[in-house]
Number of protein chains: 2
Amino acid sequence: LPSHLFAGNSVPDAVRTFCTEIVRETSPHALAFKFNLAFFEALGERGLAVMRDVLRAVPEGMLTIADAKRGDIGNSARFYARSFFEDYGFDFVTVAPYMGGDSVTPFLDYPDRGTFLLVRTSNAGGNDFQLLRSDGRPLYRHVAESALKWSHDRPGLLGFVMGATDIEALAALREVCPDTPFLIPGVGAQGGDAEEVVRAAASGPVLVNSSRQILYASSGEDFGPRAAEEACLLRRTLSPNRPVTGGDS
Amino acid sequence: LPSHLFAGNSVPDAVRTFCTEIVRETSPHALAFKFNLAFFEALGERGLAVMRDVLRAVPEGMLTIADAKRGDIGNSARFYARSFFEDYGFDFVTVAPYMGGDSVTPFLDYPDRGTFLLVRTSNAGGNDFQLLRSDGRPLYRHVAESALKWSHDRPGLLGFVMGATDIEALAALREVCPDTPFLIPGVGAQGGDAEEVVRAAASGPVLVNSSRQILYASSGEDFGPRAAEEACLLRRTLSPNRPVTGGDS
């Protein structure tokens, strides 16, 4: 983070200033803001208070995503869902599939809210288990197919986390699920290519996420405008015809 | 929770009283306390402050487990590990495997701390993916084998979450990993049998966890002593020869 923000300020205060400035500067170019819970939780209770402040700074009508990757038995999952959807008021939560149906469905029971299930992740370790083949299909395909069944007749919106680093998986799953929203991390610092992502998946709804490339565009006093530039560049690549929205006003 | 605790008190205050009383009453019969993060997080920042207070109430020398089931890319995982091990000071964290090696190893890099990786979980959804067979072995076996490789040459202690509801899996994995600590939930309310668990897995280190059966033994003013009775009964079944320790003093 830019060092000048820490001069005379506590770490939570510096993080609050940084994040609200990023939101203010980049919102004309964005559809959604994804909050990485790990970074707020690392600051303890004060970090979560900062997260609330930053959430309040997100302009009305923009989407918010709690990138929390929770996954626990049904009873615990209900509490996590309540926390993110009701207490913090996020629109979306990311959820992990390893514990199966009862760990995911409590999130899908919320109308007007969405769940992005980890299906094919962009990190190196994503290859460790997600590509294991069973009955001729990789694990991530089993996860996607089961999740579509779980979401049937449930009011919440189901989406998949599909890393930008496996274009083949993106395209293959888009063919099977033409209408499922994909949250696509891995563009930018992780090596995914925005144009390839669009070709592979943008026939259906996609949210392309870039974190580090925008957040850390500059560590100087110009971090805000520089982040806006990066966001603007990515937006142009993803949707050349979409006008800049006035999220800032 | 016992309704009398809420009379004139805020929910976080009632939860604090409940949990510290449970710790005080059951610690003579326990080796460890497992904190379910979902329930504390559901109370927002104040819930996490309550969790710190309850952690302080755990007698010196007893183990504490953050049942958080985190699983995120390496960079985020480092922040989660720092939060649970350094900020809150837990001895163990539960971690989810879906995102693979780089989501787990940051926890294993802590000396004198332990990571319980979800391998075979006791909930109904645990059957959805964990039993999928690849190369002749179920997914949970792949997870266990990979994790043993990741932990090699790392200073942290690796353990597995192995539900009491699949005795066959418990016994089979104990044969392959004679020295790996197993955290075993699912005894009691979830239907697992304590004696069967001991026969299947107690040739190696095991921590058997019972939550609801102890916590909710009574919803009256006697909830503390009744929880102690349940804990004592379970302890006697698990290790008939172990004396009651004086964790209460």
Minimum-distance pair of heavy atoms, taken over all atoms of [X] and [Y]:
X	Y	answer
A/Phe39	B/Asn75	CZ-ND2, 3.7 Å
B/Ser76	A/Ala38	O-CB, 3.5 Å
A/Ala42	B/Ser83	CA-CB, 4.0 Å
A/Leu139	B/Phe129	CD1-CB, 4.2 Å

Between A/Leu37, A/Asn127, A/Asp135, which residue shows the highest count of heavy-atom pairs closer than 4.5 Å to chain B?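 When all of A/Leu37, A/Asn127, A/Asp135 are compared, A/Leu37 has the most.
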Looking at A/Arg70, A/Arg82, A/Arg133, which makes the most heavy-atom pairs under 4.5 Å with chain B?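 Looking at each of A/Arg70, A/Arg82, A/Arg133 in turn, A/Arg70 comes out on top.
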Look only at the side chain of [X] and the backbone of [Y], and say whether a donor-acceptor pair between them is shorter than 3.5 Å.
X	Y	result
A/Ser134	B/Ser134	no
A/Tyr88	B/Gly44	no
A/Asn123	B/Met99	yes

Pick one of side chain, backbone, both or neither for [X], based on which atoms fall under 4.5 Å of a heavy atom in chain A.
X	value
B/Thr121	side chain
B/Ala96	neither
B/Arg78	neither
B/Arg212	side chain
B/Asn36	side chain
B/Arg46	neither

Please list, in residue-number order, every residue in residues 143-167 of chain A that has a heavy atom less than 4.5 Å from any heavy atom of chain B; write 'none' if there are none. A/Val143, A/Ser146, A/Trp150
Given that the side chain runs from C-beta out, which part of A/Pro97 has a heavy atom under 4.5 Å from chain B: side chain, backbone, both or neither?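 For A/Pro97, backbone and side chain are both near chain B.
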Chain B contact via A/Asp72 - which portion, at a heavy-atom distance below 4.5 Å: both
Side chains of B/Phe79 and A/Phe40: closer than 4.5 Å at any heavy-atom pair?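 Contact flag for B/Phe79/A/Phe40 side chains = no.
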Heavy-atom pairs under 4.5 Å with chain A, option from B/Ala49, B/Gly47, B/Ser103 with the top count: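 Of B/Ala49, B/Gly47, B/Ser103, B/Ala49 has the most heavy-atom pairs under 4.5 Å with chain A.
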Going from CG on A/Asp87 to CD on B/Glu41, what distance comes out if it is rounded to the nearest 0.5 angstrom? 10.5 Å
